[in-house]
> 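One structure is given below, represented as structure tokens, and several questions about it will come after.
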Number of protein chains: 2
Amino acid sequence: MIFRGRFEYTIDPKGRVNIPARFREQLQESGQESLVVTNYQGCLYAYPSDDWARIEEKLSKVSSVDRKLNTFLRFFIGGGVEVVPDKQGRILVPPSLRSYAGLDKDVVITGMPNRFEIWSLTKWQEEIGRFEKEGFEDPELAREINSLGI
Amino acid sequence: MIFRGRFEYTIDPKGRVNIPARFREQLQESGQESLVVTNYQGCLYAYPSDDWARIEEKLSKVSSVDRKLNTFLRFFIGGGVEVVPDKQGRILVPPSLRSYAGLDKDVVITGMPNRFEIWSLTKWQEEIGRFEKEGFEDPELAREINSLGI
DNA sequence: CACCTTTCCCCACAATTACCCACTAGCGGC
DNA sequence: GCCGCTAGTGGGTAATTGTGGGGAAAGGTG
């Protein structure tokens, strides 16, 4: 499942964030009512619970010898929380995830293949700012993007 | 599908922009009623939904290991919104895209191979102005253009 | 076991969007 | 010129979406 579009919402003092109506529809159509949210790359990743199950399965087969990989697993799996939208279509983001992603008021939700991401507005702007400034100057990246034929 | 021509319209306070009648015809003839609009290079890219689907497929296969490429995906996929023209042939441009492209009143729609682009008039003028001033002086660009056999 | 905090489940209001319909300007044919 | 058509623009209303808050239930702590 691919999620498209970027949306701005506010997270309220209780820690609730709205999920874009379109995303909710997509979830319903695929017969899923819950999401798994976890932390990565400065933002929160939200997966439909079925997709998360597949990821979990793969991760559980990873050999846990490598210390760094192990740390990643701790962080990624350990961050994962299952959430169900309320009647208004909002999810409650637990404090640990909220503080990791620095969500306090304005948040950006952005679609990706397989998941969508929840960003604090300021972190999002930094992320995109970096791309817009450096991205076009990086010849390798430019070549890669060109090869996509967009 | 190739779109030709340049058109000037006004975006109304609700965020609606007209699509050139010719483009609408072309879409209808190819049996498509929806478009996907996204953000890139200071303007909005509008693809017929079938063409977008092909792009999306490629993008979703891209390894998301590289951080910068990931950021690009966030921006490009995250920007993408499916829109359907209303009975008058207009589309509603969501706030996030409107603010990215700086659309407030006068917009320019210009044809391209595979897509058409939506520009704010002022950004369009800057873009073209920059090209007219610097473009002809860039020997590499001149060579490339010549090799196109125009 | 009492108390405090967090989460869940409602309800209500505000803002935005979808879906109509109407008006005007320009162009072509008669 | 006059009519009729199409393209582009503007606006009203109903439905949907987003935001805020109250109070009951659940969970954690001394």
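Heavy-atom basis, side chains included; hydrogens, waters and symmetry copies ignored. Every chain is numbered from 1 and lettered A, B, ... according to where its sequence line falls, protein lines coming before strand lines.
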> Would you say the side chain of A/R16 and the base of D/dG18 hold a donor-acceptor pair, judged only by whether the two atoms sit under 3.5 Å apart?
no
> So where does chain A start and stop touching DNA chain C, 5' to 3', when the test is distance under 4.0 Å to a non-hydrogen atom?
C/dT7 to C/dA12
> Between P on D/dG20 and CZ on A/R90, what's the gap in Å once rounded to a whole number?
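Whole-Å distance recorded here is 9 Å.
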> Ion pair present between A/E57 and A/K61, side-chain N to carboxylate O less than 4.0 angstrom?
yes
> Go nucleotide by nucleotide along DNA chain C from the 5' end; which of A/P94 and A/Q88 gets its closest nucleotide reached first?
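The residue closer to the strand's 5' end, by nearest nucleotide, is A/P94.
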> Can you classify the ring geometry of B/F75 versus A/F131 as parallel (below 30°), tilted (30 to 60°) or perpendicular (above 60°)?
tilted
> Closest nucleotide of DNA chain D for B/D12 versus for A/I11: which of these residues is on the 5' side?
B/D12
> Verify the neighbour count for atom NZ of B/K105: are there more than 12 heavy atoms of other residues, nucleotides or ligands below 6.0 Å?
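At most 12 heavy atoms, drawn from other residues, nucleotides or ligands, come within 6.0 Å of this atom.
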> Is the shortest side-chain N to carboxylate O distance from B/K68 to A/E144 below 4.0 Å?
no
> Atom NZ of B/K14 and atom P of D/dG12: how far apart are they, to the nearest Å?
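Those two atoms, NZ and P, are 8 Å apart.
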> When the nearest nucleotide of DNA chain D is assigned to A/E25 and to A/K105 on a heavy-atom basis, which residue is associated with the more 5' position?
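Here A/E25 is the residue nearer the 5' end.
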> Measure from CZ on A/F7 to C1' on D/dT16 and round the result to the nearest Å.
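Distance check: A/F7 CZ to D/dT16 C1' gives 14 Å.
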> Quick one: on DNA chain C, does A/L92 or B/L92 contact a more 5' nucleotide (nearest heavy atom)?
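Going by which nucleotide is closer to the 5' end, it is A/L92.
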> Could you check whether any side-chain heavy atom of A/F72 comes within less than 4.5 Å of a side-chain heavy atom of A/V62, counting everything from C-beta outward?
no
> Round to a whole Å and report the spacing from NZ of A/K87 to P of D/dG23.
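From A/K87 NZ to D/dG23 P: 18 Å.
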> With a 4.5 Å cut-off on side-chain heavy atoms, are A/R22 and B/V81 touching?
yes
> So what does B/P95 hit on the nucleic acid, given a heavy-atom distance under 4.0 Å: a base, only sugar-phosphate, or nothing?
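Result for B/P95 = sugar-phosphate.
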> Do A/F116 and A/F7 pass the ring pair (Phe, Tyr, Trp, His ring centres under 6.0 Å) test, and can you show the C-alpha distance, the side-chain angles, and the key distance before you say yes or no?
CA-CA 11 Å; A/F116 59 89; A/F7 309 85; 9.4 Å; no
> Can you see if the side chain of A/R22 gets near the phosphate of D/dT16 - specifically, an N or O under 4.0 Å from OP1 or OP2?
no
> What is the separation between atom CG on A/N18 and atom P on D/dT16, rounded to the nearest whole Å?
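About 16 Å, once rounded to whole Å.
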> Measure the distance from CD1 on B/I109 to C1' on D/dG8 and round it to the nearest whole Å.
12 Å
